[in-house]
Amino acid sequence: MACNSSTCNSSGCYKGYEEEEQPKPNTKAAVNGGNSCQNLCVKCKVNEPVCCGIGGENSRFCKDCFKNNLYGKFKQAVTYNAMITPPDKVLVAFSGGPSSRVVLQFVHEMQYKAQKNYDANKDKSLPVFGVGVAFIDESSTHSFTSQHIEKAIEDIRLIVSNLAPPSKELFVVPIESIFSSDGIDGKERLKELLDAVSDVTGKEDLLSHLRILLLQKIASENGYTRIVLGSCTSRIACHVISATVKGQGYSLSADIQYVDSRWEIPVVLPLHDCPAQELNTLCSLDGSLKIVELLNGPCSGINGLVSSFVKVLQEENPSRECTIVRTAGKLTPFHFNRVPEIHDCNVPSATCRHQKRYTLKPNGSLSSDSFCPICNSPLKKSNFPSSLRSHGSQQNPDLFASACSSCQFQILPKDPSLMEEFLSLLPQQMITKAKHGDQGNFSLLREQIQEFLFSDGENEI
C-alpha cells in the first residue's frame, strides 16, 4: 500500500499517482493529534476510514483514498511497462467477477482522462486509445439454465453501456466458436474434446488455453492491439504454485510478468500488484462497480487444492500472496515479456517518444526456440527425454513430442493409438502449430535482427 513518508523510495509505493486527486489534509485535526488522527484516513487525514488494506490497522483508508491507491498501482503498472500507448486498441477480457470489473473500470477511467486531455490539447499529437470488451460465454461447459445465462449477459451489456463515452464495443462470444471456422457443430466438438481428457486438472487447463486462443481470435479479427486480463496478485500467486506442481518451472517466468508478447496480440496484466482482497473490497464499497455472479464454478484438481492452500496462507498472513509473487518475480523473464517497439512511419513521433521513454529493455532475458502447441508455453527441448519424443503414433508423432510435460501428462491421451483422433478434435490453431512447430518463430527472430537487415531499396556493400 502507499505510505506517508516523504523520503520513501520503495518501488511498492504509489503515492505519486494519487496526489493530484487527494484532498488537502485537515490541519486542525492534525494539530490536535492524539486520538483524533487515529480515527482518520491514514492518507488524506480528513475522512474516517472505512476499510483496511493488506497492511491491517496501519493501512486504514477512506473510500476515495482506497480506490486512488488501487488505481495508482494499476496506473504505475501500465505506465512503467508501456502496456497501453495512444494508437492502441485495447480489448478487455471481462468475466463479470471483481477483478475483471475493476480492470474494466480503471481502463475506462484512463481512457476518459486521455479523451479530456486530447480535447483540451491544441496539438492533437497523441490520439486516444480505443477500448473494447470481450465476454467468453462458457455456459456450454456448465449446467446452467438459459434464463440464468441470458440474465448474466444482459447485466454485462448494461455494465458496458453505462460507462461514460468514449463508447466501447462489446463482444459476447461462446467458447465453442473457437471451432467455427471448421463448419461443424462447435458444441459437440468441444464436448468430445473435453471428454477425451481424463484428468480433471487437464480439462480446466485446456479450457483456459481455449479461452486465450479465442480472445486472440476476437482481437485479431477486430483490429485490437492489446488484450487486458484481470489477473491479480492472488491469481498469479496460485499460478506460481500450481505451475510448479505441474512441472512448468522452466516456463513459469513467462506467465507471471506484466507483459506477454509471445502471442500475436500481446497480453498485459495491469492488476499484477493488486490482491483479490482489495479488489473485492473496492467492489463492495463502490456501488457502481456491479459484478455478475455467474458461470464460473470453483476449481478442482490441482488448481482447486492450490487455491485452497493459498487462501489458508493468506488468512494466516495477509502478505503471503504478495510474497509469493515477488519471490517468483526474481526469475529471469523471457525476451517476449515486454511490449514490442513500434517501427511504423505512420505512427506519430510523440507516440514513439512516449514508448521509447517507458519501454523496459530486457537484461539477460531468456529466449525460447519453440512453444507447446497446446498451451503455448516456451520449451527447452534439451530437457525432454528421447523416450518421450517417440511416444506419439506413427501417423502423427509430432503432437506429443512437441508438447510441454504438463500437457503430455494431463491433457494428451496416454494411449498412442488415440493421438490421431485427439488431434482431429483440436482447434485449427493448435493443429497448425503441432504440424508446423517452430516455423511460427521466424517473426520473433526477424524482430531481433531487424536493425541488421537490408530494406528492399538498399544495396549490399
For the pair [X] (side chain) and [Y] (backbone), establish whether a donor and an acceptor sit closer than 3.5 Å, ignoring hydrogens and angles.
{"X": "Q314", "Y": "E321", "answer": "yes"}
{"X": "S220", "Y": "Q216", "answer": "no"}
{"X": "N222", "Y": "Y224", "answer": "no"}
{"X": "S161", "Y": "L158", "answer": "yes"}
{"X": "N81", "Y": "M83", "answer": "no"}

Plane angle bin for H108 and Y112 - parallel if under 30°, tilted between 30 and 60°, otherwise perpendicular: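 Correct class here is tilted.
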
- prompt: So which of V228, D260, I236 actually passes side chain to side chain contact (heavy atoms under 4.5 Å, CB included) with L269?
  reply: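 The passing option is I236.
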
- prompt: Only one of K75, R101, K67, Q111 clears side chain to side chain contact (heavy atoms under 4.5 Å, CB included) with F106; which?
  reply: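 Single side chain to side chain contact (heavy atoms under 4.5 Å, CB included) partner of F106 among K75, R101, K67, Q111: K67.
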
- request: Check the pair F371 / F336 against ring-ring contact (aromatic ring centres under 6.0 Å, His included), numbers first and verdict last.
  value: CA-CA 12 Å; F371 296 83; F336 50 74; 5.8 Å; yes

message: Please find the pair of heavy atoms, one from L215 and one from L91, that lie closest to each other, and give the distance.
response: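 Heavy atoms of L215 and L91 come nearest at O-CD2, 4.0 Å.
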
- request: Would you tell me whether E176 and S140 have side-chain atoms, one donor and one acceptor, within less than 3.5 Å of each other?
  value: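 On atom types as modelled, these side chains qualify, holding a pair under 3.5 Å.
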
message: Does E315 form a salt bridge (charged side-chain N to carboxylate O under 4.0 Å, His left out) with R320? I'd like the steps, not just the answer.
response: CA-CA 9 Å; E315 291 173 351; R320 285 275 169 81; over 6 Å; no

message: Under the rule for side-chain contact (heavy atoms from CB on, under 4.5 Å), what residues qualify as partners of Q257, not counting sequence neighbours?
response: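 Listed in chain order: S253, P333, N337.
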
